[in-house]
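Only one structure is covered here, and it is reproduced in the block below.
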Protein chains: 2
Amino acid sequence: MLIPQLVSEGLLTEPNSAKGRLLAASAALFKQKGFSRTTVRDIAAEVGILSGSIFHHFANKESILRTIMLEAIYLVLARMKLTIADLDSCEDKMRALLRCELEAIHGLNGIGFTLLSAEWRFLSDESQSEILKLRGEYEAFHRNIYTEAKSLGHINVEPFFIRHFVRGALIETANWYHLHGDLPLEGLVEQIYLTTAVKW
Amino acid sequence: MLIPQLVSEGLLTEPNSAKGRLLAASAALFKQKGFSRTTVRDIAAEVGILSGSIFHHFANKESILRTIMLEAIYLVLARMKLTIADLDSCEDKMRALLRCELEAIHGLNGIGFTLLSAEWRFLSDESQSEILKLRGEYEAFHRNIYTEAKSLGHINVEPFFIRHFVRGALIETANWYHLHGDLPLEGLVEQIYLTTAVKW
DNA sequence: CCAAAAACCAAGCGCTTGCTTTGGTGGAGT
DNA sequence: ACTCCACCAAAGCAAGCGCTTGGTTTTTGG
């Protein structure tokens, strides 16, 4: 599996440890009520400890959010590279990346990824720039595929714009698309693929 | 002008009144720091009064946000209808609506519209459903244009999906596109128009 | 088996929050 | 001249916040 490997590399927290459970519970609450409306007492109650005990694991409340976000990017980055590794055609890669990002947005790798765009502003300046760097790597990965697609004639709008538009469209799906609904994930991938990346 | 008319209809607060200045200052702070990190003392200081005086104009802090959002929708709805009124071709209408929404997103009609998506969750359930109703009217307006475009053969993806994708793409521009930068607003409109609504 | 380390508890401090209360002022209407 | 009312300053309340502290329990590894 991918997760145990990332844990052993020190990028992810062991999910079954006390700290890991704290992260999972916090992420769930942050998604449900937002960071600022979630109190450390809420988090503690969710895992069955007292609020003060949280600060044995984290320096402060913000560093919980920071850790959740960092690990979410580590995971999605690793998953992206793994998915693409054994694909040759550019079209397949584009679809795979669309699917990969949609899975992350809809919580199939944990709920941390959703928080990245929603609770961004609650991080300190230092944490923000720390994550910004990883996000740059993530975005470059996507943009590179579109650059390749453009050179092959699969799209004819600048990769810069395509990527920005696609990212917005995908993020917005969190507000209207439901897994387990009528439309399977593959169908959603195909719809946005047709809309943005078809040669004409 | 449009705004004085809406004021006289009771939909908008007179911008130069004490209440109007309070709304503008609050909106600016909410956008800058977010709703939950903005205190009533911050707002009061911004307009030069004490925090207690705010509650002569508003029942509570949430109703400030609620009013900002309601008036933002009233304004953008009125502007949309006005813009489209004297257009005939469907393509022109699509471009006009794209431009209209982008202008709202980038604060050309005040900053209330931006808050609609970002600070949504801080409203009470009643306020949320109140705004949801207006938002339905707003979305129907956009979707109708795409339905017309589909029947005319300008697009061949379902209006339902197109509208969702476009909305996401437009909202996301708030995080990367800058007015007064290299790309004029018309150019941005054209890029997304080409990406989403071109017959092939 | 036992000491070290990790995890947690009980209590509460210092501060900020949204909101209230009270007591007043100035200006418009009659 | 009088009333009324929109408006505001000052002070403060009750509640809740993140976080600290000192000490206890639980887990772990040699």
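Reminder, nothing fancy here: chain letters follow the sequence lines and each chain counts from 1. These figures come from a predicted structure and were not determined experimentally.
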Looking across every strand, which nucleic acid part, if any, lies under 4.0 Å from A/Thr38 by heavy atom: base, sugar-phosphate, or nothing?
sugar-phosphate
d(CZ, A/Phe55; C1', C/dA6) in whole Å
18 Å
Whole-Å distance, B/Phe58 CZ to C/dT20 P, equals 15 Å
Test item: side-chain donor near acceptor, A/His106 and A/Thr173, under 3.5 Å
yes
Spacing of A/Arg41 atom CZ relative to D/dG16 atom P, expressed in whole Å
10 Å
Is the B/Phe35 ring parallel, tilted or perpendicular to the B/Phe122 ring (thresholds 30°, 60°)?
tilted
Determine whether a donor-acceptor pair (N or O, by modelled atom type, separation under 3.5 Å) exists between the side chain of B/Ser127 and the backbone of B/Leu123.
no
Over how many whole Å does the gap from A/Asp42 atom CG to D/dG18 atom C1' extend?
13 Å
If I take atom CZ in residue A/Arg37 and atom P in nucleotide C/dT17, what distance separates them, rounded to the nearest angstrom?
15 Å
Ring of B/Phe58, cation from B/Lys19 - is the NZ or CZ under 6.0 Å from the centre and inside 45° of the axis?
yes
List the steps and the verdict of ring-ring contact (aromatic ring centres under 6.0 Å, His included) for B/Tyr146 and B/His142.
CA-CA 7 Å; B/Tyr146 287 115; B/His142 283 275; 7.6 Å; no
Could you tell me the separation between the CG atom of B/Leu65 and the C1' atom of C/dG18, rounded to a whole number of Å?
15 Å
Could you pull out the protein-nucleic contacts involving nucleotides 7-11 of chain C (nitrogen or oxygen on both sides, under 3.5 Å)?
from	atom 1	to	atom 2	distance (Å)
C/dA7	OP2	A/His56	NE2	3.3
C/dC8	OP2	A/His57	NE2	3.0
C/dC9	OP2	A/Leu50	N	2.6
C/dC9	OP2	A/Ser53	OG	3.3

Test item: B/Ser63 side-chain N/O and B/Arg66 main-chain N/O as donor-acceptor pair under 3.5 Å
no
